[in-house]
Visitor: 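Just passing along the structure, written as structure tokens.
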Amino acid sequence: RTVTRSTISLSSHPYPTYSGSYSKTETTLNKYLSTLSYQQAILRLRMLLTNGDSIDISTDAGSSYRVYAQGTSNIDASIVVISSKNRVIPKGKVGSADVVGEFDGRASSQLGLSVTDSEVRVTKFTGFTVASTLRGIKGKATTRVSLSAQFDDGTQYNTLFSKSGNAALPGLVGLTTDLPAVATVNSATGDITLKENHYKLVTVTAISGSASISASFACNLDPDSGDVDLGRATGIPLPARKVGTSFAVPVRVNTYGQVVGTIQLEVFYNDTILDVTSVSTQGTGWPG
């Protein structure tokens, strides 16, 4: 039996895509809460065959898309535009438009799309991760949070902060730390900057409307050039200890690659709660 082309169909789905997003139709593009950003969509153009099968031709070189003023045959890109990767991008103006997909002389039925100022809100944050230890030079060491969100219309956004350090939806998410003297966070980039050592974990929290999520991490300074730092190099540098516990306190010196003959250090501590039992100068890289 000969199989031939029948018709082409056009549909619109949430963008960015996520697992299951192509099973959800997206024809109303709303504004994200507390932002100037609107939802986007991705078009799927399919060639239907006479045997009942179909072929995805959304990004085929022969496929094209036209945007019309709704209910007319007038080309109008004032409400939405279609990108080269078949994404529907609102122009920031509320209204409606019709989109038609074309391939090899065939055209789909008109697909109506609307852009509104109704706000979609985050119902749940997921995938909130941060490095377990933020380590490095004071004021220079940074790490970036990773965060995803689910919205009240059932859509999802899997990458709210890009690898290049930009918020995907500026204004949607506020980031704070519980100890800004130890570590600060930038809501525009998702970057956390190290300020000090600390004896317990620091908590960073993401907030949008009534939704929030938190994650914790250790802050651990490396010595700058000519500087000294006490404590472990990873995790909490000097964590809490039980009374009567014996423990070692590593001492790290940054000589900036220079050869040092001798080092004289003074370490101040509360001798009413601590006793020094021994001092070793046999650590890795120590002179003498």
Side-chain angles (χ1 to χ4, degrees), residues 16 18-19 32-37 119-152 155-241 247 249-257:
Y18 51 87
S19 177
Y32 289 103
L33 176 69
S34 301
T35 76
L36 298 176
S37 302
E119 292 183 325
V120 288
R121 298 169 177 265
V122 176
T123 56
K124 181 182 180 182
F125 284 117
T126 59
F128 192 34
T129 58
V130 63
S132 59
T133 300
L134 175 51
R135 174 187 172 185
I137 303 300
K138 179 176 180 176
K140 297 179 180 178
T142 62
T143 189
R144 185 168 297 139
V145 303
S146 177
L147 181 63
S148 305
Q150 298 175 4
F151 295 90
D152 56 7
T155 58
Q156 301 176 30
Y157 215 111
N158 287 337
T159 306
L160 290 174
F161 295 96
S162 70
K163 292 181 179 180
S164 59
N166 295 306
L169 303 169
L172 178 70
V173 181
L175 296 171
T176 61
T177 63
D178 62 340
L179 293 168
V182 179
T184 58
V185 62
N186 187 334
S187 296
T189 63
D191 287 340
I192 303 173
T193 301
L194 179 62
K195 298 295 184 180
E196 296 289 350
N197 281 320
H198 202 59
Y199 63 91
K200 65 178 183 179
L201 296 177
V202 175
T203 298
V204 57
T205 300
I207 302 172
S208 181
S210 60
S212 65
I213 193 171
S214 297
S216 298
F217 59 99
C219 288
N220 197 320
L221 293 177
D222 281 334
D224 205 344
S225 300
D227 198 4
V228 178
D229 191 71
L230 303 181
R232 301 186 304 191
T234 59
I236 298 173
L238 292 170
R241 305 284 185 175
F247 59 94
V249 177
V251 179
R252 293 177 292 143
V253 180
N254 184 350
T255 66
Y256 198 56

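If you read the sequence from its start, that first residue is 1, and numbering goes on from there.
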Visitor: For D224, enumerate each residue passing the salt bridge (Lys or Arg N to Asp or Glu O under 4.0 Å) test, keeping only those at least two apart in sequence or located in another chain.
Guide: none

Visitor: Which residues pass the side-chain contact (heavy atoms from CB on, under 4.5 Å) test with S132, not counting sequence neighbours?
Guide: none

Visitor: Working note: T159 + F161, criterion side-chain contact (heavy atoms from CB on, under 4.5 Å); need CA distance, chi angles, decisive distance, verdict.
Guide: CA-CA 6 Å; T159 306; F161 295 96; 5.9 Å; no

Visitor: Give the minimum heavy-atom separation between Y256 and S225, together with the two atoms involved.
Guide: CD1-OG, 3.0 Å

Visitor: Check salt bridge (Lys or Arg N to Asp or Glu O under 4.0 Å) between K195 and all other residues, then give those that pass, not counting sequence neighbours.
Guide: none

Visitor: Which residues pass the side-chain contact (heavy atoms from CB on, under 4.5 Å) test with S164, sequence neighbours left out?
Guide: S162, N166

Visitor: Only pairs under 3.5 Å count here: list side-chain donor-acceptor contacts from residues 168-186, not counting sequence neighbours, and write none if there are none.
Guide:
unit_1 : atom_1 : unit_2 : atom_2 : d
T177   : OG1    : A183   : O      : 2.7
D178   : OD1    : T203   : N      : 2.9
N186   : OD1    : A188   : N      : 2.8

Visitor: Working to the nearest 0.5 angstrom, can you tell me the gap between S187 OG and I207 CD1?
Guide: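 S187 OG to I207 CD1: 9.0 Å, rounded to 0.5 Å.
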
Visitor: Please report the interatomic distance CG(D227) to OG1(T255), rounded to the nearest 0.5 Å.
Guide: 12.0 Å

Visitor: Between R232 and P239, is any pair of side-chain heavy atoms under 4.5 Å apart?
Guide: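 The answer is yes, as the side chains (C-beta and beyond) meet within the 4.5 Å cut-off.
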
Visitor: Taking all non-hydrogen atoms of both residues, which atom of G231 and which atom of V249 are closest, and how far apart?
Guide: N-CG1, 4.0 Å

Visitor: Which residues pass the salt bridge (Lys or Arg N to Asp or Glu O under 4.0 Å) test with E196, sequence neighbours left out?
Guide: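 Testing E196 for salt bridge (Lys or Arg N to Asp or Glu O under 4.0 Å), a comparison that skips the adjacent residues, returns K138.
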
Visitor: Answer yes or no: is there a side-chain heavy-atom contact under 4.5 Å between I192 and V130?
Guide: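 The answer is yes; the side chains approach within 4.5 Å.
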
Visitor: Yes or no on side-chain contact (heavy atoms from CB on, under 4.5 Å) for L194 and T142, after CA distance, side-chain angles and deciding distance?
Guide: CA-CA 6 Å; L194 179 62; T142 62; over 6 Å; no

Visitor: Checking side-chain contact (heavy atoms from CB on, under 4.5 Å) for the pair Y157/Y18: CA distance, chi angles, key distance, verdict?
Guide: CA-CA 8 Å; Y157 215 111; Y18 51 87; over 6 Å; no

Visitor: Under the rule for ring-ring contact (aromatic ring centres under 6.0 Å, His included), what residues qualify as partners of F128, not counting sequence neighbours?
Guide: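 Once residues adjacent in sequence are excluded, F128 has no partner under the ring-ring contact (aromatic ring centres under 6.0 Å, His included) criterion.
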
Visitor: Between T123 (side chain) and Q150 (backbone), is there a donor-acceptor pair under 3.5 Å?
Guide: yes

Visitor: At what distance, to the nearest 0.5 angstrom, does OG1 of T234 lie from CZ of R135?
Guide: 7.0 Å

Visitor: Sequence neighbours excluded, which residues qualify as salt bridge (Lys or Arg N to Asp or Glu O under 4.0 Å) partners of R121?
Guide: none

Visitor: List in chain and number order the residues that pass side-chain contact (heavy atoms from CB on, under 4.5 Å) with Y199, two or more places apart in sequence or in another chain; answer none if no residue qualifies.
Guide: none

Visitor: Return the set of residues passing side-chain contact (heavy atoms from CB on, under 4.5 Å) with N197 (not counting sequence neighbours), or none when no residue passes.
Guide: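 Per chain and number, N197 pairs via side-chain contact (heavy atoms from CB on, under 4.5 Å) with N220, L221, D229, P237.
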
Visitor: Give every residue pair that meets the salt bridge (charged side-chain N to carboxylate O under 4.0 Å, His left out) criterion with at least one member in residues 142-151, sequence neighbours excluded.
Guide: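 Qualifying pairs: R144-D191.
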
Visitor: Can you list the residues that meet the ring-ring contact (aromatic ring centres under 6.0 Å, His included) rule with F125, with sequence neighbours excluded?
Guide: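 Partners of F125 under the ring-ring contact (aromatic ring centres under 6.0 Å, His included) test: none.
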
Visitor: Quick one: does S214's side chain have a donor or acceptor within less than 3.5 Å of a partner on T205's backbone?
Guide: no

Visitor: With heavy-atom distances below 4.5 Å as the criterion, would you say the side chains of V202 and V204 are in contact?
Guide: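 Sidechains of V204 and V202: no contact.
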
Visitor: Measuring from F151:CZ to Q156:CD, what's the distance to the nearest 0.5 Å?
Guide: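 With rounding to 0.5 Å, CZ (F151) is 9.5 Å from CD (Q156).
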
Visitor: For L33 and V122, run side-chain contact (heavy atoms from CB on, under 4.5 Å): C-alpha distance rounded to whole Å, both residues' side-chain angles, the deciding distance at 0.1 Å, then the answer.
Guide: CA-CA 8 Å; L33 176 69; V122 176; over 6 Å; no

